[in-house]
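Just so it is clear, the values below take in all heavy atoms, side chains as well, and ignore hydrogens, waters and symmetry mates. What you are looking at is a predicted structure, and each value in this text was computed from that prediction instead of being measured.
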Amino acid sequence: MLDIRLIREQPDQVKAGLASLGADPALVDQLLSLDEDRRRTEGEVSEMRARRNSGSKEIGKARDNEQREAMKSEMRALGDEISAGEARLKQAEADQQTLLLDIPNLPLAGVPVGADDRENIVVRNVGEPRVFDFTPKPHWELGAALGILDIERGTKISGSRFYVLKGAGAALQRALIAFMLDLHVRKHGYTEIYPPAVVKEQCLVGTGNLPKFGDNLYRDIEDDLWLIPTAEVPVTNLHREEILDGAQLPIKYVAYSPCFRREQMSAGRDVRGIKRGHQFDKVEMVKFVTPETSEAELAALVDNAEDVCRELGLAHRVIQMCTGDLSFVAAVKYDVELWAPACGDNGGEWLEVSSCSCFTDYQARRAGIRYRPAPGVKPEFVHTLNGSGLALPRTLIGVIENYQNEDGSITVPEPLRGYMGGMEKIG
RNA sequence: GGAGAGAUGGCUGAGUGGUCGAAAGCGGCCGCCUGCUAAGCGGUUGUAGGGGUGUUAAGCCCUUACCCCGGGUUCGAAUCCCGGUCUCUCCGCCA
């Protein structure tokens, strides 16, 4: 969430930021009035509590019994006033918090201003999309024919938007996961994490998924736990309510996890195949960094994600989101998209395989993640960053479609062969 | 799931109704001392909110809250009562 002091001190700047996102700048004025109310109430309550504290001490010291009783009844009356004041304060704090949690992060200064995804910017193209001397088939056709992807049975057992990977298809995904983890751990210096796939509500508030986006999440009512939509949630919350040692930063984690999203929209042509399911696997990178380094760390993060594409020999591009297409929590965001030659309506489509964001101190403030720049210095909020490295189904699509052969077989990319018992070709 | 024990500051650990934001030790920080190091000596050392005073700085002053969480009793709660969470031990179950 945003710093209430920033809103108090620079309301116009905050309004302008919200406007560039397409959010309502009037939220600022609402918040300011709630804040004023809260502070006034807090002052009143503190003052009453101070009187009670000193009054109670007097009672402790008083000798005369009659006098004590008189003082007690006085304090009793004050106690009632305090209770009433505390109730008002609690309400005022809750009101302010509720609104604050509903306000998105502000874009960083360099982010291009734009209304929606049409104004995003292509930062770079890397690699040439493969030129086929035959008509490439989409992955759902190749997968079905090879017996490595079974969408029908996935639907049978779990409903629409579920699928089953089988044989070399399942092995290929597993190889990709292991390959990505090893790449980020060994080459890029991340620490591997295996996180829970189910978390408490508080974690989702911390990362910004709740309270606003609860309808995209699966939830277990019995134990009041939620299935994670991304490993970002448990991994970011690893350091919730902690004060980290500044000397330890940056902290870089990489985690493989399944992800669960309800994706309530209707099934359609654009989601043919395994591009968008309710359950998918993802390797996610998460960083905790100091504010001064976050820009450079984001660039490195994007590069780490791209490195997976480079190593796999997949053509890709990097897109910078304009203000209007930023997520709720991101201050800057770059997507890595890889080329899938047979998806989409007319011969190929760019698939988003990674979304790399810097959240500045927005998540850190929600989740209470701070660091101490030096011994004895006041704690400050860290900057959090994350990015997929990469999302599995779409990377799988990229491999299947780009590495297909005219006979319907798939060549296993060189770096994955060691993870597949030396297999060079599927089919 | 059943029975029992427990949860206090960065750590260990005292504290069973007021003099406790909390002893003591360790660690950290500042200074002193000592050829160096180690040891020693002195001081200091939680987080957050509100108000005041500074340049919407640093600093300083006042004040509130926090001894796992939420309620309650009381003029007053780390301390008493109730509910919950988590940890440990034993039993059960289980990959």
Side-chain angles (χ1 to χ4, degrees), chain A residues 1-14 28 31-101 194 196-203 205-206 220-226 234 237-249 258 291 361 364-382:
Chain A
M1 66 197 155
L2 300 182
D3 184 356
I4 185 64
R5 264 170 286 202
L6 175 71
I7 298 170
R8 275 206 296 256
E9 286 158 21
Q10 323 248 0
D12 294 333
Q13 188 187 317
V14 175
V28 170
L31 198 51
L32 286 177
S33 105
L34 288 176
D35 181 51
E36 202 175 312
D37 182 52
R38 192 210 95 228
R39 281 189 294 162
R40 199 193 51 244
T41 308
E42 181 159 350
E44 291 166 4
V45 171
S46 294
E47 187 273 331
M48 288 192 286
R49 291 205 270 222
R51 271 197 284 147
R52 178 173 65 186
N53 286 347
S54 64
S56 293
K57 267 179 193 152
E58 291 303 315
I59 292 173
K61 285 186 226 156
R63 295 279 149 171
D64 183 70
N65 217 349
E66 206 170 300
Q67 196 189 348
R68 283 169 69 112
E69 288 310 317
M71 290 164 93
K72 276 194 196 180
S73 73
E74 195 184 321
M75 284 301 116
R76 231 189 317 267
L78 180 57
D80 292 340
E81 276 183 68
I82 291 174
S83 299
E86 282 172 339
R88 273 184 285 127
L89 179 58
K90 210 168 172 180
Q91 189 58 50
E93 284 170 344
D95 290 347
Q96 180 177 337
Q97 184 73 356
T98 301
L99 187 56
L100 212 43
L101 288 176
Y194 170 79
V198 153
V199 294
K200 297 180 187 178
E201 178 177 335
Q202 193 55 49
C203 295
V205 174
D220 171 52
I221 305 273
E222 286 266 283
D223 292 321
D224 195 22
L225 290 170
W226 304 68
N237 279 281
L238 241 29
H239 296 301
R240 180 152 63 88
E241 305 296 337
E242 288 185 15
I243 298 174
L244 302 165
D245 177 1
Q248 292 173 341
L249 300 179
D361 61 359
R365 204 175 285 282
R366 285 178 161 243
I369 309 168
R370 291 173 290 171
Y371 76 104
R372 203 181 292 280
V377 177
K378 263 174 81 90
E380 287 177 31
F381 288 104
V382 299

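Of the candidates A:R49, A:R51, A:R88, A:E44 forms a salt bridge (charged side-chain N to carboxylate O under 4.0 Å, His left out) with just one, namely A:R88.
Atom name P, nucleotides B:rG76 and B:rG71: the rounded distance is 16 Å, in whole Å. When the P atom is used for both B:rG51 and B:rG4, the distance is 49 Å, rounded to whole Å. Here the separation of B:rA14 from B:rU73, taken at their P atoms, is 32 Å to the nearest Å. For the P atom pair drawn from B:rG54 and B:rU79, the interatomic distance equals 41 Å after rounding to whole Å. Rounded to whole Å, the P atom of B:rG13 lies 9 Å from the corresponding atom of B:rU8. B:rA23 sits 22 Å from B:rG40 when the P atoms are compared, rounded to a whole Å. Only the C1' atoms considered, B:rU63 is 35 Å distant from B:rG6, to the nearest whole Å. When the P atom is compared between B:rC69 and B:rA77, the two are found 15 Å apart, to the nearest whole Å.
Checking B:rU19, B:rC75, B:rG50 against the side-chain heavy atoms of A:K57 singles out B:rU19 as nearest. Side chain of A:N53, nearest nucleotide from B:rG76, B:rA65, B:rU63: B:rA65. Listed nucleotides B:rA65, B:rU56, B:rA48 differ in distance to A:E9; the shortest reach to its side chain belongs to B:rU56. Side-chain atoms of A:K90 lie closest to B:rG71 of the nucleotides B:rG71, B:rU47, B:rA65. Across B:rA48, B:rC75, B:rU63, the shortest atom-to-atom separation from the side chain of A:S56 is found for B:rC75. Of the candidate nucleotides B:rG49, B:rG51, B:rU47, B:rG51 has the atom lying nearest to any side-chain atom of A:R39. Counting only heavy atoms from C-beta on, A:E42 has its side chain closest to B:rG49 among B:rG18, B:rG49, B:rU64.
Here A:R49 does not reach the OP1 or OP2 of B:rU64: none of its side-chain N or O atoms lies under 4.0 Å away. An OP1 or OP2 oxygen of B:rG50 is reached within less than 4.0 angstrom by a side-chain nitrogen or oxygen of A:R8. Proximity of A:R5 to the phosphate of B:rG49: a side-chain N or O atom is located under 4.0 Å from OP1 or OP2.
Here B:rU45 presents its P atom at 17 Å from CD1 of A:I243, a figure rounded to the nearest Å. We find that NE2 of A:H239 is positioned 17 Å from P of B:rG10, with the value rounded to whole Å. Between the CG atom of A:D37 and the C1' atom of B:rG50 there is a distance of 14 Å, given to the nearest Å. Per the geometry, CD belonging to A:Q202 stands 17 Å off P belonging to B:rU85, to the nearest Å. Atom C1' of nucleotide B:rG50 and atom CD of A:Q96 are separated by 12 Å, given to the nearest angstrom. Rounding to whole angstrom units, OH of residue A:Y371 and P of B:rG10 are separated by 19 Å. When rounded to the nearest whole Å, the span between CD of A:E241 and P of B:rA48 equals 11 Å. Rounded to an integer number of Å, the gap from CG of A:D245 to C1' of B:rC29 is 14 Å.
Both A:K378 and A:S54 lie near RNA chain B, and the one whose nearest nucleotide falls closer to the 5' end is A:K378. For A:R372 and A:K200, each mapped to the nucleotide of RNA chain B holding its nearest heavy atom, the one lying further toward the 5' end belongs to A:R372.
In this structure, A:R51 reaches neither bases nor backbone, as no heavy-atom distance under 4.0 Å exists between it and the strands shown. Within 4.0 Å (heavy atoms only), A:R40 reaches no atom of the nucleic acid at all. As judged by a 4.0 angstrom heavy-atom cut-off over every strand, A:R68 is placed among the base-contacting residues.
In terms of heavy atoms, A:A364 sits closest to A:V382 at CB-O, 3.3 Å. Among all heavy-atom pairs drawn from A:Q96 and A:L31, the shortest one is O-CD1, 3.9 Å. When all heavy atoms of A:F381 and A:Y371 are compared, the pair lying nearest together is O-CE2, 3.6 Å. Across all their heavy atoms, A:R52 and A:L78 have their closest contact at N-CD2, 3.7 Å.
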**Asked** Dot-bracket for RNA chain B, 5' to 3', with Watson-Crick and G-U pairs under 3.5 Å, [ ] for crossing pairs and | for other-strand pairs: what is it?
**Response** (((((((..(((.....[.....)))((((((.......))))))((((((((.....)))))))).(((((..]....))))))))))))....
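The neighbour count for A:E47 CD, taken as heavy atoms of other residues, nucleotides or ligands under 6.0 Å away, is above 12. Within a 6.0 Å radius of CD in A:E36, other residues, nucleotides and ligands contribute 12 heavy atoms or fewer.
A salt bridge links A:K72 with A:E69: the closest approach of a Lys/Arg side-chain nitrogen to an acidic carboxylate oxygen falls below 4.0 angstrom.
Applying the side chain to side chain contact (heavy atoms under 4.5 Å, CB included) rule to A:R240 yields the partners A:Q202, A:C203, A:N237, A:A367; only residues at least two apart in sequence or on another chain are considered.
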**Request:** Before giving the answer on side chain to side chain contact (heavy atoms under 4.5 Å, CB included), spell out for A:E242 and A:I369 the whole-Å C-alpha distance, their side-chain angles and the decisive distance to 0.1 Å.
**Result:** CA-CA 5 Å; A:E242 288 185 15; A:I369 309 168; 5.7 Å; no
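Glycosidic conformation of B:rG54: syn, with the torsion inside 90° of 0.
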